[in-house]
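Chain naming here is simple, since letters A, B, ... match the order of the sequence lines and numbering starts at 1 in each.
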Amino acid sequence: MTDTIPDTATPEALAKTFEPAAIEAKWYRHWESAGAFRPARPDATPFTIVNPPPNVTGSLHIGHALDNTLQDVVIRYERLRGKDALWVVGTDHAGIATQMVVERQLEARQDKRSNYTREDFITKVWEWKAESGGTITGQLRRLGCSMDWSREQFTMDPHFTRAVVKVFVDLFNKGLIYRDKRLVNWDPRLKTAISDLEVETREMKGGFWRFRYPLADGVVRADGLDYIEVATTRPETMLADMLVAVHPDDARYQSVIGAEILQPLTGRRLRVVADDHADPALGSGAVKITPGHDFNDFDVGKRAGIKPADMLNMFDAEARVVQTADGLVPAEYVGLDRFDARTAVVAAMKEGGFLVPHVDKDGAEHDFEPRTIQTPYGDRGGVVIEPWLTDQWYVDAHTLAQAPMAAVRSGAIEIVPKTWEKTFFNWMENIQPWCVSRQLWWGHQIPAWYDAQGTAYVADSEATAQALAGTGVVLTRDPDVLDTWFSSALWPFATLGWPDDSELVKRHYPNDLLISGFDILFFWDARMAMQGIEFMGQVPWRRLYLHGLVRAADGQKMSKSKGNVVDPLGLIDQYGADALRFFMCAMESQGRDVKMDERRVEGYRNFATKLWNAARFCQANGIAASTTLAAPAATHAVNRWIIGEVVETLAALDAALADLRFDAAANVIYQFAWGTFCDWYIEFIKGNFDDETKAVAGWVLDQILVMLHPFMPFVTEELWHALGERHDDLIVAQWPAPAAHVDPAAKAEVEWLIALVSGFRTAKNELGLPPGARLEAWLPEPSEATRAIIAGNGPVIDRLARLSAIHLAPAPAGAAMQVGAGDATLIVPLEGLIDVAAERARLEKALAAAQKEAKALEGRLNNASFVERAKPEAVDKARADHAHHAAEATRLSAALARLG
RNA sequence: GGGCGUAUAGCUCAGUGGUAGAGCACUAUGUUGACAUCGUAGGGGUCGCAAGUUCAAUCCUUGCUACGCCCACCA
């Protein structure tokens, strides 16, 4: 590949305005082609992050932008700090999602999956991936993500498949994967089983029907009634009812336990059983039991001695009514959709006089009582989930969950923010078997083969399975594939080459950090922890950082149906990737969702522009790239001061990033670059570009570029090269090492100057004087320190405070403006030019404020118990503050007295 | 029914046991050697409500209210 960067040996003058689009593509191409994302650093400490693999069908949404920005900040930071930083990237084959995309394409051409063989369909999926699968990877590049594309992974890569098969086989051999017949969450639209996590409960308007089930054989209850009333929200399931349950202690039904019900529609005889599941306080206290179509009923059925294989099933894979094994479903129901069946069943029961009407509060009768029903929906298919009796593969998640819980308890895994630990434990402690088989074509096919009797042989190849089964036994492979999350759970090590004993695995496992949204804590993070510890013997990552959702400006969740989705690429087009990234970081405070605020993105675009212009100014004044990592030697106070400010900023930034406080980190560098460097330092040095100042300014600007680079990689890289010839790109430069300290004297001096300048600006503003007016001030009896500062900073005082002279002598009599700086009060005679009343009001307001503070502190200091019980530091601080405010009050009183 | 989170300036959010900050918005003003995507200055908050702990609470405890999220089988 060719290097597209212009000759950096002769930097060109920066353009007047900063155009993000013009530089972003250029630098990304350069970095990638130069291998800058993963420089060879064999002797450096490794640092590893794996990227949550986006669905190969996906395109970049605002949540990806947040997630990947945070990761990129960390990886660029560690790379700048000299680590062997590896950010693994790739995509997920996303079984259901991808198969749906390709099927939709077929449907658009009046075609369908069943017109193809499995092999041909899978070929089509691969073709689709080759054409369209790269969308999101291109978009991650636009965001500036410095991932190791040279090793881009895909969860269906051959080596990944080997890892998946090995894990499945090993878990099976350890008894941690097994096949079982039980109720599963079935998606009738996708015609596959899904896991508990893929079911989302929605509140839907539904009904509550009550029916009379007549007792058979002339049996009557103790109270003389010849029926039992049952209630249900799903009347259609009565076609597969097998029992009626009552509570063992319920006096009303003691005499009929063991008797039989004659189900009115099917004529099936339903045994009345005693079971704790029936709650005497609810409804009639009796409940109809459909073991094949309800999770609770399944358990009741088993307790009543019904084997899963004998439980009646009344639905096909698309949830249409089929004949039950006992042949008792009347023909008119067979073939009906489940919701049509509901209507038909209710009508028939009503007609037969078995429906107990609901009487509303106005006395009107209805077939049912309206109720809000917690209804299970498939998160992908979007239709109501049907509990269905099937054979599926299950992972013994309970066993696998123990080690990850211990790892979090011991601190081997640190969850950030810590509040998520409780959620993690709560889920892990109550974890259920994980259904991992899916009735799809696209995915990792389960490595199990069956003989004619249905015995499973699980092996890494058909040959091995055949060997297990014995020669001559005819084997058929399990047609199902694995849950996508089964393979992505292996991401932290399979991407590094496992199960091969590769150098990468040794060097980069465990990973250092995982950053993910909390929404996939259970789906992905917890399962990585389970598989990682089980197969690698170590935690997958030392830290787990969970961030929130990006919400719309109104606080709502973004969704296509609401039409409030913000496209991150549109924001990048408009404001630049740097601005979007900085926004994400600045808004990412731990434990809180990020609310979209486009104006703020705009504000950070302005920040990039501000930096650009500061660099332009430096460039125009001969300030260029620094030549040393350490701070240059400096004698001028402003230079010594700004070096100290860099030292403090760096410390604060390092501390924030160590704690993964992205917001604090972003604010620290923002504040320094704009508030300290641009607003004050540049203003101070205007007019004195001597060699020392140029060296210091160039060095400070470089430190800003390096410190800001993780957040705003593009503009910083551009400026880095614009300011001079560089040995390296900024992306692989060195993190600041100032080898300098804060100079308290310089700090005090500059802070005095800042107070002076601010004081005059404020005073002029409040008195209505032109801000540009140049004045002369009198300062009688200045302290030695103040005298020295004034002597050493004439030009600055002239230019910024707009004072052409400070006379160290008593001021002439007459009306004057008085401005304080430190312990000094500068007097500017302005007889006839100022409104004396306004100046008095101004000073009185300040005096009142100082007196109020002083008084409050005095009150506290006069409180004996404060002085006795408060921490000594607090008392000392109160004394110091009091002295300061009292002195200020004295100074202002004197100023007022002088005003007359 | 459990669990968690959030309530601080008009908006979006930081924050600390010693009586509050940022960005944006707002008001006034400005082109003084980069920047109007800017400069300068200013106004604005009883830190949701109540009680408790403490010398001292916006910050700790408890209760309440409102909003949000997650988990859970009420037929």
Side-chain angles (χ1 to χ4, degrees), chain A residues 14 16-18 196 201 208-210 230-234 245 277-279 281-290 294-300 374 417 419-420 422-423 425-427 430 518-519 521-522 548-549 551 553 555-557 575 579 583 586-587 589 591-597 599-600 602-621 661 663-664 667 670-671 675 678-679 682-683 686-687 757-758 761-766 768 770-774 799-800 802 853 856-857 860 863-871 873-875 877-878 881:
Chain A
L14 286 162
K16 185 135 197 302
T17 48
F18 165 51
D196 297 346
T201 310
F208 187 68
W209 287 265
R210 290 150 66 203
V230 295
T232 180
T233 57
R234 301 195 54 205
H277 168 64
D279 183 347
L282 287 174
S284 66
V287 56
K288 71 182 204 62
I289 301 297
T290 317
D294 182 281
F295 288 100
N296 287 316
D297 293 5
F298 179 82
D299 292 335
V300 175
Q374 304 288 326
T419 49
W420 283 104
K422 208 158 186 172
T423 306
F425 284 127
N426 188 46
W427 189 70
N430 299 301
F518 66 74
D519 52 326
L521 173 60
F522 305 148
L549 252 49
R551 297 182 167 276
Q556 296 231 343
K557 214 166 160 174
Y575 304 107
F583 166 78
M587 299 305 291
S589 57
R592 193 167 189 141
D593 287 343
V594 171
K595 211 175 280 189
M596 193 60 228
D597 183 354
R599 308 206 63 154
R600 202 143 174 164
E602 185 185 0
Y604 292 128
R605 188 272 317 266
N606 296 352
F607 174 52
T609 303
K610 182 77 182 177
L611 186 72
W612 179 273
N613 282 306
R616 263 181 74 218
F617 175 79
C618 289
Q619 190 188 48
N621 288 285
R661 285 306 306 245
D663 56 342
N667 288 330
Y670 179 96
Q671 185 52 47
C678 291
D679 288 350
I682 286 183
E683 295 304 326
K686 278 178 182 172
V757 171
S758 299
R761 285 173 178 167
T762 303
K764 284 175 171 174
N765 205 292
E766 291 183 346
R774 295 179 84 227
R799 197 161 28 78
L800 296 183
R802 310 292 296 162
E853 292 290 339
L857 287 159
R860 200 185 301 161
N863 180 344
S865 47
F866 170 70
V867 181
E868 282 165 24
R869 301 197 188 191
K871 284 175 296 189
E873 312 88 89
V875 178
K877 183 167 187 306
D881 288 352

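In this structure, the nucleotide among B/U12, B/A34, B/C24 sitting nearest to the side chain of A/Met587 is B/U12. The side chain of A/Lys610 sits closest to B/A34 out of B/U37, B/A34, B/G18. Of the candidates B/G33, B/U40, B/C35, B/U40 carries the atom nearest the A/Asp679 side chain, counting heavy atoms from C-beta on. Proximity note for A/Ser758 (side chain, C-beta onward) versus B/C73, B/C38, B/A41: the nearest is B/A41. The side chain of A/Ser589 has B/A14 as its nearest neighbour among B/G33, B/A14, B/A41. Of the listed nucleotides (B/G68, B/G39, B/G18), B/G68 has the atom at the smallest distance from the side chain of A/Arg551. Minimum atom distance to the side chain of A/Phe617 is reached by B/A34, of the listed B/G18, B/A34, B/C13. Nearest to the side chain of A/Phe208, among B/A75, B/U40, B/A36, sits B/A75. Listed nucleotides: B/A75, B/A41, B/U29. Nearest to the side chain of A/Pro771: B/U29. Comparing atom distances between the A/Gln374 side chain and each of B/G18, B/A72, B/G39 picks out B/A72 as nearest.
Taken from CG in A/Asn613 to NZ in A/Lys16, the straight-line distance is 7.5 Å, to the nearest 0.5 Å.
One can place CZ of A/Phe295 at 11 Å from P of B/A72, the figure rounded to the nearest angstrom. Between the CG atom of A/Leu521 and the C1' atom of B/G5 there is a distance of 15 Å, given to the nearest Å. Between the CE atom of A/Met596 and the P atom of B/C13 there is a distance of 12 Å, rounded to whole Å. Rounded to whole Å, atom P of B/G68 lies 13 Å from atom NZ of A/Lys557. In this structure, A/Asn765 places its CG atom 12 Å from C1' of B/G43, rounding to the nearest Å. A straight line from CZ of A/Arg592 to P of B/C69 spans 15 Å, rounded to a whole angstrom. Rounded to whole Å, atom C1' of B/C13 lies 13 Å from atom CG of A/Asp593. Atoms NZ (A/Lys595) and P (B/C67) sit 15 Å apart, rounded to a whole Å.
Using cut-offs of 30° and 60° for the angle between ring planes, the A/Trp420 and A/Phe518 rings count as parallel.
A salt bridge links A/Arg661 to A/Asp663: one of the charged nitrogens lies within less than 4.0 Å of a carboxylate oxygen.
Base-pair partner of B/C13: B/G21 (Watson-Crick or G-U wobble, both distances under 3.5 Å).
Atom C1' of B/A56 sits at a distance of 6 Å from the matching atom of B/G18, rounded to the whole Å. Comparing the C1' positions of B/C35 and B/G42 gives a spacing of 23 Å, expressed to the nearest Å. For the P atom pair drawn from B/A22 and B/G45, the interatomic distance equals 15 Å after rounding to whole Å. Rounded to whole Å, the P atom of B/A28 lies 33 Å from the corresponding atom of B/A7. As rounded to the nearest Å, B/G10 and B/C26 have C1' atoms that lie 8 Å from one another. Between B/G43 and B/G48, the two P atoms lie 24 Å apart (nearest whole Å). The separation of B/U40 from B/G5, taken at their P atoms, amounts to 41 Å, rounded to a whole angstrom. Using P as the reference atom, B/U8 and B/G15 are 14 Å apart when rounded to the nearest Å.
Counting non-hydrogen atoms under 4.0 angstrom, A/Gln556 reaches nothing in the nucleic acid. Among the protein residues, A/Asn296 comes within range of the nucleic acid bases, having at least one heavy atom under 4.0 Å from a base atom. As judged by a 4.0 angstrom heavy-atom cut-off over every strand, A/Asn426 is placed among residues making no nucleic acid contact. If you check every strand for non-hydrogen atoms under 4.0 Å, A/Thr609 touches a base.
A/Arg799 contributes a side-chain N or O that, together with a main-chain N or O of A/Glu683, makes up a donor-acceptor pair within less than 3.5 Å. Side-chain atoms of A/Lys288 do not come within 3.5 Å of backbone N or O of A/Thr232 as any donor-acceptor pair.
Side-chain N/O atoms of A/Arg605 and base N/O atoms of B/U37 include a donor-acceptor pair closer than 3.5 Å. The base of B/A28 lies outside donor-acceptor range of the side chain of A/Glu766, with no N or O pair under 3.5 Å. One cannot find a donor-acceptor pair under 3.5 Å joining the base of B/C4 and the side-chain atoms of A/Lys422. Judged by distance alone with a 3.5 Å cut-off, a donor-acceptor contact links the side chain of A/Lys686 to the base of B/A34.
For A/Arg599, no side-chain nitrogen or oxygen approaches OP1 or OP2 of B/C11 to under 4.0 Å. Remark: A/Arg860 is in phosphate contact with B/U19, judged by side-chain N or O atoms under 4.0 Å from OP1 or OP2. The phosphate of B/A72 has neither OP1 nor OP2 within less than 4.0 Å of any side-chain N or O from A/Asn430.
Cation-pi contact between A/Lys686 and A/Phe617: present, with separation from the ring centre below 6.0 Å and deviation from the ring axis of at most 45°.
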